[in-house]
Peer 1: 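Provided herewith is a single structure, encoded as structure tokens, for subsequent inquiry.
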Amino acid sequence: MVSKFISIIFLSFFSCSIAAQKKYSSEYTLLSINTTFGVQLPAADLAKRFGSNMSIGGGVEYITLPEGWIVNADVQFLFGQRVKEDVLAPLRTPDGAILGDNGTYASVQLRERGLFVGVNGGRLFKFFDNGNRVGGLRLTIGGGFLQHKIRIQDDTNSAAQVAPPYSTGYDRLTNGFSLSQFVGYQMVSRDKTINFFIGFDLMEGFTLNRRGFNFDTRQKDAQKRIDVLYGARVGWSIPIFSNQNADEIEY
């Protein structure tokens, strides 16, 4: 008899637990830190100087639900291995080498380095909202500052002719105002467990060479440039603050 009574209590408690559902408020704001990784291809004037590059970055983002408004500020550091413009051509021997201070061949490589800093605004257009997680189309547009240059990497530290301050005469430091757009998929969790986005990135920079004189061409480069980067980027959001109405328990 006692065992039957205990069984009835246990089953009743278990049934109530199954019936209880946690309902998250639809009103929700999230402030988060984003970490991003991307792969990009150059176009327009930038394609004449560099090949593909990777980007690593981060930023701060604010998003509201259910409206889906997005505001963020981010920075991307650009790294590339292929440089098409040989700014060291006048310094090379007939076989293409660079001589070091001791008369032996120096190990000098050309690399791409760059930076984008910007502010963007946009919206998350919901595909679904199950009460906890929201997923949909992320669209943002903004502007900022784009910079790139040729890094002269002397692994042997033996070629004084390409070391600072002389390297500034070859590095083609270029920067200016840039537009930026992103379209992709984003998921936001009200319980803060899964927050990410992935999609297509586009930047258009209106830039100028900021060096007064290029040593290899022996003249100033005053050309107005249009530097374009496009590619894929993924970001993971780490919540640092969230605000929503108190959770409701329904039975």
Side-chain angles (χ1 to χ4, degrees), residues 29-47 49-64 68-83 109-124 135-151 153 171-189 192-208 210 225-242:
T29 61
L30 174 69
L31 180 66
S32 63
I33 296 176
N34 295 338
T35 58
T36 64
F37 173 79
V39 177
Q40 298 166 316
L41 294 172
D45 291 326
L46 197 62
R49 180 170 295 172
F50 299 120
S52 62
N53 70 269
M54 295 186 298
S55 71
I56 298 175
V60 179
E61 178 164 291
Y62 180 79
I63 185 168
T64 67
W69 295 114
I70 301 169
V71 177
N72 74 359
D74 69 347
V75 57
Q76 298 181 48
F77 298 96
L78 313 178
F79 306 86
Q81 298 294 314
R82 186 184 179 195
V83 178
Q109 308 294 331
L110 301 181
R111 299 287 185 257
E112 175 190 2
R113 294 294 184 267
L115 171 73
F116 172 79
V117 181
V119 177
N120 304 277
R123 195 167 184 181
L124 173 64
L137 178 68
R138 174 189 173 101
L139 292 175
T140 62
I141 185 171
F145 175 82
L146 176 66
Q147 177 172 290
H148 55 81
K149 71 174 185 176
I150 298 173
R151 170 181 166 82
Q153 182 175 312
D171 67 5
R172 301 292 199 272
L173 178 67
T174 302
N175 57 46
F177 174 74
S178 177
L179 297 173
S180 64
Q181 303 89 39
F182 181 91
V183 56
Y185 177 81
Q186 181 169 11
M187 177 177 286
V188 178
S189 297
K192 301 185 289 185
T193 56
I194 301 178
N195 294 277
F196 72 91
F197 57 86
I198 183 171
F200 180 80
D201 223 2
L202 178 64
M203 289 184 285
E204 307 96 357
F206 307 93
T207 63
L208 288 171
R210 302 302 175 177
R225 299 170 55 90
I226 298 179
D227 295 321
V228 177
L229 280 170
Y230 64 96
R233 188 158 61 106
V234 60
W236 185 266
S237 301
I238 304 171
I240 57 177
F241 172 79
S242 64

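All residue numbers refer to positions in the sequence shown, counting from 1.
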Peer 1: If every non-hydrogen atom of E112 is compared with every non-hydrogen atom of V83, which pair is closest and at what distance?
Peer 2: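 Residues E112 and V83, closest heavy atoms: N-CG2, 3.9 Å.
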Peer 1: Side-chain contact, heavy-atom cut-off 4.5 Å: H148 with L78?
Peer 2: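 A side-chain contact under 4.5 Å is absent here.
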Peer 1: Could you grab the distance from atom CD1 of I226 to atom OG of S178, nearest 0.5 Å is fine?
Peer 2: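 Output value for this atom pair is 11.5 Å.
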Peer 1: For K192 and S242, which heavy atoms make the closest approach, and how far apart are they?
Peer 2: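 Heavy atoms only, the tightest pair is CD-OG, 3.5 Å.
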Peer 1: Working to the nearest 0.5 angstrom, can you tell me the gap between L41 CG and Y230 OH?
Peer 2: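 Reported value, rounded in 0.5 Å steps: 4.5 Å.
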Peer 1: Which is it for S189 and N195 under the side chain to side chain donor-acceptor pair (under 3.5 Å) test, yes or no, and what are the steps along the way?
Peer 2: CA-CA 6 Å; S189 297; N195 294 277; 4.9 Å; no
Peer 1: Determine the minimum heavy-atom distance between G176 and R210, stating which atoms define it.
Peer 2: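 Heavy-atom minimum between the residues: CA-NH2, 4.1 Å.
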Peer 1: I'd like to know whether CD1 of I238 has more than 12 heavy-atom contacts from other residues, nucleotides or ligands below 6.0 angstrom.
Peer 2: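 Correct, the count exceeds 12.
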Peer 1: D227 vs R49, test: side chain to side chain contact (heavy atoms under 4.5 Å, CB included). Steps then yes/no.
Peer 2: CA-CA 10 Å; D227 295 321; R49 180 170 295 172; over 6 Å; no
Peer 1: Between Y62 and L30, is any pair of side-chain heavy atoms under 4.5 Å apart?
Peer 2: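 They are not in side-chain contact.
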Peer 1: Roughly how far, to the nearest 0.5 Å, is the CD1 atom of I63 from the CG atom of N72?
Peer 2: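 Between atom CG of N72 and atom CD1 of I63 there are 10.0 Å.
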Peer 1: Looking at every heavy atom in both L124 and I70, which two are closest together, and how far apart are they?
Peer 2: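 Closest pair (atom of L124, atom of I70, distance): N-CD1, 3.8 Å.
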Peer 1: What is the distance from atom CZ of F116 to atom CZ of F145, rounded to the nearest 0.5 Å?
Peer 2: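 The CZ atom of F145 is 10.5 Å from CZ of F116, to the nearest 0.5 Å.
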Peer 1: Among all residues two or more places apart in sequence or in another chain, which pass the salt bridge (charged side-chain N to carboxylate O under 4.0 Å, His left out) test with R172?
Peer 2: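 Expected list: E85, D216.
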Peer 1: Counting only heavy atoms from other residues, nucleotides and ligands, does the tally under 6.0 Å from CE of M54 exceed 12?
Peer 2: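 Open.
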Peer 1: Is the closest side-chain heavy-atom distance between D74 and N34 below 4.5 Å?
Peer 2: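 Not in contact.
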Peer 1: Between F196 and W236, how do the two ring planes meet: parallel, tilted or perpendicular, split at 30° and 60°?
Peer 2: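 Answer is parallel, since the angle falls under 30°.
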Peer 1: Compare all side-chain heavy atoms of F37 with those of I56 and state whether any distance is below 4.5 angstrom.
Peer 2: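 In short, these two side chains touch, coming nearer than 4.5 Å.
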Peer 1: List the residues meeting salt bridge (charged side-chain N to carboxylate O under 4.0 Å, His left out) with E204, not counting sequence neighbours, and say none if there are none.
Peer 2: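 Per chain and number, E204 pairs via salt bridge (charged side-chain N to carboxylate O under 4.0 Å, His left out) with no residue.
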Peer 1: For R113, which residues count as a salt bridge (charged side-chain N to carboxylate O under 4.0 Å, His left out) partner, sequence neighbours excluded?
Peer 2: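 Here no residue qualifies.
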Peer 1: Testing the basics here: between A44 and V228, what is the closest heavy-atom pair and its distance to 0.1 Å?
Peer 2: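 Taking A44 first and V228 second, the nearest heavy atoms are CB-CG2, 3.9 Å.
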Peer 1: For F182 versus I198, what's the shortest heavy-atom pair and its separation?
Peer 2: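 Nearest pair, atom of F182 first, then I198: CZ-C, 3.7 Å.
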Peer 1: Return the CD to CD1 distance between E61 and I33, rounded to the nearest 0.5 Å.
Peer 2: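 Between atom CD of E61 and atom CD1 of I33 there are 12.0 Å.
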Peer 1: Thinking salt bridges, do R233 and D201 make one under a 4.0 Å N-O criterion?
Peer 2: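 Between D201 and R233 there is a salt bridge, with a charged N closer than 4.0 Å to a carboxylate O.
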Peer 1: Are any non-hydrogen side-chain atoms of Q76 and Q40 less than 4.5 angstrom apart?
Peer 2: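 Contact flag for Q76/Q40 side chains = yes.
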Peer 1: Check whether any side-chain heavy atom of S55 lies under 4.5 Å from a side-chain heavy atom of T36, and answer yes or no.
Peer 2: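 The answer is no; the side chains never approach within 4.5 Å.
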Peer 1: Distance from T207 atom OG1 to Q147 atom CD, nearest 0.5 Å?
Peer 2: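 So the gap between those two atoms works out to 10.0 Å.
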